[in-house]
*Asks:* 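Provided herewith is a single structure, encoded as structure tokens, for subsequent inquiry.
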Amino acid sequence: MRSDGAADVRYRACPSTHAVDLDDEVLIWDARVEQLHRLNPSAARIWHVLSSWRTTAQVTAALTAETDADASRLERDVAQCVAGFVRAGLLEQQGAG
Amino acid sequence: VTRPVTEPHGLVTVGTYTALSLRYRVQASNSNLAAEFDRLYQACRAPRLADRTGRVISLELRDEGNDVQVRFGDEPALAAGDRNDLLLATMSEIDRASVSTSSGDLVLLHASAVVAGEGPVLLIGPSGAGKSTLSAALAARGWTYVGDEVIGLDESAQQVFANPKPWKLDRGSRLALAEFGCERLDRVTSDHEVLVAPDVGPAHAPGPAGTPVAIVRVAFRGGAHAAVTPMSRADGAELLADQCFNFSQWGGRALDAVASLARRVPAMHLEFGDLRSAVTVLEKALQ
């Protein structure tokens, strides 16, 4: 069976980012592009898991324990959120081919 | 009372003043202009000791016939249309120089500040939000004026630094303030913005002014009913970051500072359409 390897890609917060927690939200300063980002509580939980290298499956697994959300929906939400972080330049990647 | 000293090259020494980390010595081409500047910036006068220490930038005001100019330090002279424009241009130059000089020392907020009770209240918002007018009204009500336009905050966010410079007020603001016992303001008939000395009430001396106690996002909107609504800590920190002159320079350290402040003190949004109601609801909210 052929795999495109996407599931093996690991992500981690870029070293250029600096984050602070404010209640259940997170503000992130990206020094590389000098931009401030604000994460809602859901995105903030995902961000916290990405403080060390994780695949999206590992992020989903970490969050499953703390939420009642449907597993497939959670997986989809995590994938979308991580893709958003990548587009914003907040994550570095390993194993992206 | 200090007596102006006429320098050999025809400039009158007005005095030495401070704007956060900036110290500047002012000279003017005539004693009337010197007196006018000193009346506006009296609250910013440097302590006598400071006259002889540190770096002092020279600011020259020249008002000789058609030659109305301000020169700050080594910068090329700026020409202005008249004396009012000259003073407005001078304030812009002082603000700009205070930001560049203080940028490495303090987190610099685009804000006004007044002390009510225990410590400074930061009034924050973009240009035109009503910060200056509101701080002038509160000063006229007896709150201690701390500063306008550029307010310093130390890295621990425990100390606000005063910058009690004059307010720049348009005609509408001056008319609104006349209701607060600032009767002389409605006699300033110019339709243009003018500088107003912060002598309508008590003013804090330049330097440390205490630990901030509240963050208020100011939002003037014509016809709006005055109301105060609480803001989340993230809203407060984001507002401070957005209205910080040197946030990019300080980066993560600035984010830590504004987050620390937003965690400690309440942040609120004040929308208002008339000044008297704004003062009433804000005083009530801060009690």
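Proteins come first, then strands; the chains are lettered A, B, ... in the order of their sequence lines, and each starts at number 1. Heavy-atom basis, side chains included; hydrogens, waters and symmetry copies ignored.
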*Asks:* Among the options A/E25, A/E34, A/R38, pick out the one with the most heavy-atom pairs lying under 4.5 Å from chain B.
*Replies:* A/R38

*Asks:* Is the shortest distance from a Lys or Arg side-chain nitrogen in B/R263 or A/D23 to a carboxylate oxygen in the other one below 4.0 Å?
*Replies:* no

*Asks:* For the side chain to side chain contact (heavy atoms under 4.5 Å, CB included) test, which of B/L123, B/V115, B/N163, B/V121 pairs with B/V146?
*Replies:* B/V115

*Asks:* With a 4.5 angstrom heavy-atom cut-off, which part of B/S232 approaches chain A: side chain, backbone, both or neither?
*Replies:* side chain

*Asks:* Which region of A/L27, side chain (C-beta onward) or backbone (N, CA, C, O), has a non-hydrogen atom less than 4.5 Å from a non-hydrogen atom of chain B, or is it both or neither?
*Replies:* both

*Asks:* Taking the side chain as every heavy atom from C-beta outward, state whether B/L88 and B/L195 have any atom pair closer than 4.5 Å.
*Replies:* yes

*Asks:* As an exercise: rank A/T17, A/D30, A/V26, A/D21 by heavy-atom pairs under 4.5 Å with chain B and give me the winner.
*Replies:* A/D21

*Asks:* Cationic tip of B/R141 within the cone over B/W143's six-membered ring, i.e. under 6.0 Å and within 45° of the normal?
*Replies:* no

*Asks:* Under 30°, 30 to 60°, or over 60°: which ring-plane class applies to B/Y24 and B/F72, parallel, tilted or perpendicular?
*Replies:* perpendicular

*Asks:* Could you tell me which of B/A237, B/A262, B/S248, B/A259 has the largest number of non-hydrogen atom pairs under 4.5 Å with chain A?
*Replies:* B/S248

